[in-house]
Amino acid sequence: VHGIGMQWHIRVSKNVKFADQHYQNAQRLIDNSFEFMVTELDVAIPINDGNPRDPNDVEKQGLLYRSILKYVLHFSPKCRALITWGFTDRYSWVPAFYNGTEGAALPIDWNYQPKLAYWQMQEELARVLPNGNYRLSPESQPNKCLGVYDNNITSSVIQLYDDGCNTPNKKWTITWLDHGTYRLSPVSTSVHALSTYNTTASIGAVKINNWLFDINQEWVFSSYGKNLFRIRPRSAWWRALSVYGTTNVGIIDFISGDNKRWTVTSI
């Protein structure tokens with residue numbers, strides 16, 4: 001035996017906090033050379049006719065799912081997986097087991113719509129930066145920064161600059177969009193956003209456009225630690241914001257390289 005699977009069929013009244021007995025038990029397993037997985041997770045809510053008796057329990061459930069995800073990530077890679085016991089309330093075992101008094105235990109509801117549990121876990125996984133103003137420099141050219149050629153004109157050219165990077169058109173407001181992605185706007189022009197087009201061309205293009213709540217204006221950040229990130233367009237998630245040539249910036253298929261990783265510095 002080299003690993004243990006933990007069933008987590010729990011109620012919404014449960015608490016999981018850093019350094020509590022759950023953390024201590026997991027650490028004891030690791031100290032004895034065992035890996036482990038959370039293999040059967042669901043969080044039951046008291047229900048009436050299939051609906052939560054207390055609407056506040058839906059929020060509590062979301063926070064509990066997130067706290068368990070934090071627990072799993074804390075012990076990774078010794079904790080190898082988090083697996084929910086099903087994914088939609090439509091096909092959950094919980095209501096039948098509790099004779100219809102508890103249920104709604106999974107991150108997706110009866111109609112296949114994400115619940116707060118889903119969004120809480122997504123934010124825990126994807127939100128790697130707080131909202132704020134940042135400077136973006138490619139790892140391959142740390143003395144340069146990403147900037148906009150013109151402060152005000154839509155479709156302005158995006159490129160690297162090496163002149164100190166202290167002006168507003170070389171700083172970026174990065175804003176979380178609540179569904180796993182970020183918006184990037186030059187500090188100099190908050191009504192615009194970094195946008196992509198022709199993303200599947202050999203080198204996809206980037207430019208500044210009016211903020212239109214468009215998928216081509218949403219970005220995913222993947223952390224490498226120490227403020228270093230891969231920045232991916234949501235519309236072509238397998239690619240990355242990259243430097244080519246000396247100052248040019250575009251969207252290129254991701255192959256590990258320091259021209260495709262960005263140092264993101266809070267300013």
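V148 is not listed as a side-chain neighbour of H192, based on a closest heavy-atom distance of 4.5 Å or more. Side-chain contact between S195 and D214 is absent, with no heavy atoms from C-beta onward closer than 4.5 Å. Within the 4.5 Å cutoff, side-chain heavy atoms of S256 are placed close to those of R261. Using a 4.5 Å cut-off on side-chain heavy atoms (C-beta onward), L136 and L184 make contact. Considering only heavy atoms from C-beta on, L64 comes within 4.5 Å of I10 through its side chain.
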List the steps, then state whether ring pair (Phe, Tyr, Trp, His ring centres under 6.0 Å) holds for Y161 with Y149.
CA-CA 9 Å; Y161 293 87; Y149 177 74; 7.4 Å; no
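Using a 30° and 60° split on the angle between ring planes, F75 and Y23 fall in the tilted class, from 30° to 60°. A perpendicular orientation is assigned to the rings of Y71 and H22, their planes being inclined by more than 60° (bins at 30° and 60°). Using the six-membered ring where Trp is involved, F213 and W211 have ring planes that are tilted, between 30° and 60° apart.
Among residues two or more places apart in sequence or in another chain, the salt bridge (Lys or Arg N to Asp or Glu O under 4.0 Å) test is passed with D89 by K115. In this view, C165 and C145 satisfy the disulfide (SG to SG under 2.5 Å) rule, not counting sequence neighbours.
R53 places a side-chain N or O within donor-acceptor distance of the main-chain N or O of I47, the cut-off being under 3.5 Å. Between the T39 side chain and the M6 main chain, a donor and an acceptor come within less than 3.5 Å of each other.
Side-chain contact of R183 with T173: a donor-acceptor pair under 3.5 Å is absent, judged by distance alone. Defined by atom type and a distance below 3.5 Å, a donor-acceptor pair is present between the side-chain atoms of N169 and T167.
Applying the side-chain contact (heavy atoms from CB on, under 4.5 Å) test between R66 and each of Q122, E123, Q61 identifies E123 as the sole match.
Judged by the 6.0 Å distance and 45° axis criteria, K260 is not positioned over the aromatic ring of F254.
The two residues T247 and K144 come nearest to each other via the heavy atoms CG2-NZ, 4.1 Å.
I215 CD1 to L212 CG: the interatomic distance, rounded to the nearest 0.5 Å, is 13.5 Å. Taken from OG in S185 to CD in Q217, the straight-line distance is 8.5 Å, to the nearest 0.5 Å.
The side-chain hydrogen bond (donor to acceptor under 3.5 Å, both in side chains) analysis of residues 234-246, with sequence neighbours excluded, yields the pairs N216-S235, E218-R234, R239-D253.
For an aromatic pair to be called close, the ring centres must be under 6.0 Å apart, and Y118 with Y65 fails this.
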